[in-house]
Amino acid sequence: MTTVQLRDDTFLAECLGFAPQLLIDDLIDIADSAISKACEAFEEYLYNKWLPGKPDEYHDAVEKGLLKFQTLLRNHLDLAFDGLEKWSLNNVFRIEEDLHIVMPHHKGVDFGITQEEETALQKEVADTRQSINALRMQNARIALAIRLASRRRERVEKQLERLNFLKASLPIEH
């Protein structure tokens, strides 16, 4: 039975059902969104509840302070998640080089084909694709021909309808 080494991120994603990097990115996005909402709420509080009635120099200080506060939070978020990302990719999502895993749908599959067999299979796939494309083109031409014939039929039926008055005006012979 042949096994596949888990050094490839796509195989790891296949095993887990998700890409670890995307999971970490989603976690970072969620945390960033939470920081943005918290900063917006804090800013709203300061401008609507705390700041009214205060001297004008407070407005500048609040604006600068909010910017520094948001920058500080984002820097800490980046540091924390850089560490989490590095740790999780090196520990949680790390697969030892000598560990071999066989997925259930890979059991009995021979991954050791020769270059000649690979080339033959690639040629067969290319030929099949070419055949499929030719059939698609043929189907498109047939569909166009059907539409054109249908339009011609409609025109002929309309002309026949316009000429029906002649048939009604002819004397009936017995």
Where do Leu77 and Ile28 come nearest, in terms of heavy atoms and distance? CD2-O, 4.5 Å
State, to 0.1 Å, how close Phe93 and Leu12 come at their nearest heavy-atom pair, and which atoms those are.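 Closest heavy-atom pair between Phe93 and Leu12: O-CD2, 3.5 Å.
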From [atom1] ([X]) to [atom2] ([Y]), nearest 0.5 Å:
X	Y	atom1	atom2	answer
Gln70	Ser36	CD	OG	6.0 Å
Asp26	Phe18	CG	CZ	10.5 Å
Met103	Ile101	CE	CD1	8.0 Å
Leu148	Arg152	CG	CZ	5.5 Å
Thr128	Lys123	OG1	NZ	10.0 Å
Leu67	Leu72	CG	CG	11.5 Å

Near Glu63 CD, under 6.0 Å, is it more than 12 heavy atoms from other residues, nucleotides or ligands? no
A quick test of your reading: do over 12 heavy atoms of other residues, nucleotides or ligands sit less than 6.0 Å from NZ of Lys54?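 Buried by this count: over 12 neighbours within 6.0 Å.
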Looking at residues at least two apart in the chain, or sitting in another chain, which of them share a side chain to side chain contact (heavy atoms under 4.5 Å, CB included) with Glu44?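 Side chain to side chain contact (heavy atoms under 4.5 Å, CB included) check on Glu44 returns Asn48.
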Taking the side chain as C-beta and beyond, is there a heavy-atom pair between Leu89 and Arg94 under 4.5 Å?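 Of all side-chain heavy-atom pairs linking Arg94 with Leu89, none is under 4.5 Å.
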Side chain of [X], backbone of [Y]: donor and acceptor closer than 3.5 Å?
X	Y	result
Ser131	Asp127	yes
Ser150	Ile146	no
Glu157	Glu154	no

What about [X] and [Y], same hydrophobic cluster or not, with Ile/Leu/Val/Met/Phe/Trp/Tyr joined at side-chain heavy-atom distances under 4.5 Å?
X	Y	value
Leu166	Leu160	no
Val109	Ile113	no
Val125	Ile132	no

